[in-house]
Amino acid sequence: MCRQSATVCLVKSPTRQHRVIGPLADRLRTLADPRCRRGRRHPFVAVMLVACSAVLAGAKSFAAIGQWAGQAPQDTLARLGARTTTAFAVRIAPSGATIRRVVQHTCPGGLADLLGADPAGADTLAVDGKSARGSRHDTTAAAHLLAAMTGDGQTVTQLRVPDKTNEITCFAALLEPYDLTGVTVTADALHTQRAHAHFLVEQKQAHYAFTVKKNQPTLYAQFNTLPWHKATAKFYDRSHGHGRLETRVVQALTITGLGIDFPHAAQVAKIVRHRTCVKTGKRTRETVYVLTDLTSREASPERLAMIVRAQ
């Protein structure tokens with residue numbers, strides 16, 4: 001199964017050596033050209049580079065990518081490797097239809113892996129899933145993608161969650177190809193799973209910071225009864241964004257020996273969020289817990305707050 005397609009992919013997934021190749025053009029050359037040999041007028045790498053450049057310039061649709069390509073100056077097309085025509089060596093950009101056809105038939109999993117960043121050495125790595133807008137057609141369900149991104153905003157990779165399954169079954173497959181030694185992997189409450197903790201700590205030598213909400217009623221009830229009044233270290237954080245004012249109070253407790261049944265768990269952080277809607281003045285309060293294998297020496301309440309914000 002392809003990492004982003006609902007069909008079987010016959011293209012071999014890129015290796016780790018392919019991912020660390022320097023220039024983008026050299027990475028794209030490792031992908032198979034999906035077109036037949038007959039009728040190829042534009043180089044495959046040039047078409048992909050034009051599409052990437054247009055997206056970086058703000059294009060959000062194939063029509064916009066085609067318009068950007070048609071208006072690109074000659075020196076830009078020359079740097080992207082566009083084909084030449086006539087004796088005057090005029091550069092010809094691929095049409096919007098050509099770009100759409102090439103991009104749609106290129107192995108999406110291989111493309112995502114080649115364009116992604118290497119997470120080795122990163123401080124945090126956030127895992128989250130979203131349904132792709134505009135991917136629903138007639139009776140075909142929308143494509144649901146599970147992605148990983150570093151704390152400084154670099155996308156690592158993504159894969160398509162197969163139909164009739166969920167994100168939980170794809171968590172290990174998403175992260176398996178990468179070196180995560182020392183990286184703290186964050187995820188929402190859906191991924192607070194014992195198998196995920198075993199996988200990260202024992203197989204990948206990584207750390208985890210999982211959110212615990214009422215979807216884990218046993219853990220949530222245990223955390224709610226912990227002696228939070230004994231937590232002397234607190235961290236306060238305030239922010240303004242998305243039309244609201246938010247104040248967060250973070251406390252942390254070491255839970256070793258307190259009977260918390262979760263693999264490798266060392267600390268629990270209690271985060272109380274006070275939110276005020278700027279427009280209506282409505283105030284809300286939410287309490288969530290974050291479970292991690294990081295010890296108090298490795299992660300203070302301030303660092304735990306930073307890790308959660310990275311998610």
Side-chain angles (χ1 to χ4, degrees), residues 119 121-130 147-156 171 175 180-193 196-197 200-201 204 206-216 219-256 258 260 262-278 282-311:
D123 184 29
T124 62
L125 184 69
V127 176
D128 197 10
K130 289 290 185 295
M149 178 179 288
T150 62
D152 56 359
Q154 297 186 73
T155 300
V156 175
F171 184 88
L175 302 178
L180 301 179
T181 303
V183 179
T184 301
V185 178
T186 64
D188 58 21
L190 178 66
H191 294 287
T192 306
Q193 307 290 332
H196 293 356
L200 290 174
V201 176
K204 306 304 291 183
H207 301 289
Y208 65 82
F210 293 153
T211 303
V212 177
K213 295 183 179 180
K214 294 184 179 180
N215 66 313
Q216 295 272 6
L219 276 178
Y220 191 87
Q222 286 180 318
F223 295 164
N224 194 36
T225 58
L226 289 176
W228 292 107
H229 62 280
K230 296 183 180 180
T232 57
K234 293 185 179 180
F235 176 70
Y236 296 86
D237 185 24
R238 293 177 176 84
S239 64
H240 183 192
H242 304 285
R244 67 192 181 203
L245 297 172
E246 183 170 317
T247 301
R248 290 170 293 276
V249 183
V250 183
Q251 299 174 276
L253 277 177
T254 298
I255 59 173
T256 304
L258 294 183
I260 301 300
F262 201 87
H264 307 288
Q267 277 196 106
V268 172
K270 180 181 180 180
I271 304 177
V272 182
R273 299 181 178 132
H274 301 269
R275 293 171 177 168
T276 302
C277 180
V278 176
K282 181 180 178 180
R283 297 181 178 180
T284 59
R285 173 177 171 170
E286 180 187 25
T287 300
V288 299
Y289 299 97
V290 176
L291 183 63
T292 180
D293 69 313
L294 294 168
T295 65
S296 58
R297 291 187 176 183
E298 295 172 317
S300 63
E302 181 177 0
R303 170 158 166 74
L304 290 174
M306 183 275 296
I307 290 174
V308 174
R309 289 296 303 275
Q311 169 67 23

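Just so it is clear, the values below take in all heavy atoms, side chains as well, and ignore hydrogens, waters and symmetry mates.
Exactly one of T192, V183, L200 qualifies for a side-chain contact (heavy atoms from CB on, under 4.5 Å) with Y208. That residue is L200.
Residues that satisfy the side-chain hydrogen bond (donor to acceptor under 3.5 Å, both in side chains) test with R244, not counting sequence neighbours, are absent from this structure. Scored by the salt bridge (charged side-chain N to carboxylate O under 4.0 Å, His left out) test, K234 finds no partners at all (sequence neighbours excluded). Scored by the side-chain hydrogen bond (donor to acceptor under 3.5 Å, both in side chains) test, T186 finds Q311 as partners (sequence neighbours excluded). With sequence neighbours excluded, no residue forms a side-chain hydrogen bond (donor to acceptor under 3.5 Å, both in side chains) with Q193. With sequence neighbours excluded, the residues that form a side-chain contact (heavy atoms from CB on, under 4.5 Å) with E286 are K213, R273, R275, V288. Contacts of H274 classified as side-chain hydrogen bond (donor to acceptor under 3.5 Å, both in side chains), with partners at least two apart in sequence or in another chain: none.
Considering CD1 of I260 and CG of L226, their distance stands at 5.0 Å, rounded to 0.5 Å. A distance of 11.5 Å separates OG1 of T211 from CD of Q216, quoted to the nearest 0.5 Å. Atom OG1 in T124 sits 12.5 Å away from atom NE2 in H207 (nearest 0.5 Å). Separation of atoms CG (L291) and CD1 (I255) is listed at 5.5 Å; rounding is to 0.5 Å. Atom CG of D293 sits about 10.0 Å away from atom CZ of F262, to the nearest 0.5 Å.
For the pair T254 and V268, the minimum side-chain heavy-atom distance is 4.5 Å or more. Between S239 and R248, the closest side-chain pair of non-hydrogen atoms falls below 4.5 Å. At a threshold of 4.5 Å between non-hydrogen side-chain atoms, the residues F210 and T292 do not count as touching. The side-chain heavy atoms of I271 and V308, taken from C-beta on, include a pair separated by under 4.5 Å. For the pair Y289/L253, no side-chain contact is recorded, criterion being any heavy-atom separation below 4.5 Å from C-beta on. Inter-residue side-chain proximity for L294 and I307 is flagged as met; some heavy-atom pair is nearer than 4.5 Å. Within the 4.5 Å cutoff, the side chain of L304 has no heavy atoms near those of the F235 side chain. Side-chain atoms of L175 and L125, non-hydrogen and from C-beta on, do get closer than 4.5 Å to each other.
In this structure, A269 and W228 approach most closely via the heavy-atom pair C-CH2, 4.1 Å. Of all the heavy atoms in T150 and A122, the pair that sits closest is CG2-CB, 4.1 Å. Across all non-hydrogen atoms, the minimal contact from A310 to A126 is O-CB, 4.1 Å.
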Take N224 and Q222 through the test side-chain hydrogen bond (donor to acceptor under 3.5 Å, both in side chains) and record every step on the way to the result.
CA-CA 5 Å; N224 194 36; Q222 286 180 318; over 6 Å; no
Just do the side-chain contact (heavy atoms from CB on, under 4.5 Å) check on V185 and F171 with the steps written out, would you?
CA-CA 11 Å; V185 178; F171 184 88; 4.1 Å; yes
Can D237 and V250 be said to form a side-chain contact (heavy atoms from CB on, under 4.5 Å), step by step?
CA-CA 8 Å; D237 185 24; V250 183; over 6 Å; no
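Judged by distance alone, with hydrogens and angles left aside, the side-chain atoms of Q267 form a donor-acceptor pair with the main-chain N or O of T295 at under 3.5 Å.
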